[in-house]
Amino acid sequence: MRLSLDLPLYATDITACTRCGNEVTLQHSWKTLDGGRICLGCVCEAVEAYRQSAVADHEIPY
């Protein structure tokens, strides 16, 4: 069951990152496909992990 107070959200409202659990403002977080929020630090970590895996899958020219 989901409750709603029908209050508008503001950029300065605080939420928790669903990946690391740290508090973050809505302004400094991004919505995930599952409806959670993720902080900038976790976005950077995910992008770097993706970049490293993509580089590892490519052959390095000699």
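Throughout, numbering of the chain's residues begins at 1 and tracks the sequence.
With sequence neighbours left out, the side-chain hydrogen bond (donor to acceptor under 3.5 Å, both in side chains) criterion links Thr25 to His28. Scored by the salt bridge (Lys or Arg N to Asp or Glu O under 4.0 Å) test, Glu23 finds no partners at all (sequence neighbours excluded).
Residue pairs meeting the salt bridge (Lys or Arg N to Asp or Glu O under 4.0 Å) criterion with at least one partner in residues 39-48, sequence neighbours excluded, are Arg19-Glu45, Glu48-Arg51. The list of salt bridge (Lys or Arg N to Asp or Glu O under 4.0 Å) pairs with a residue in residues 24-43, not counting sequence neighbours, is empty.
As a member of the Ile/Leu/Val/Met/Phe/Trp/Tyr network built from side-chain separations under 4.5 Å, Trp30 groups with Ile38, Leu40, Val43, Val47. Val24 belongs to no hydrophobic cluster, as no Ile, Leu, Val, Met, Phe, Trp or Tyr side chain comes under 4.5 Å of its own.
Nearest heavy atoms, Thr15 versus Ser29: CG2-OG, 4.3 Å.
Between Cys20 and Cys39, some side-chain heavy-atom pair lies under the 4.5 Å cut-off.
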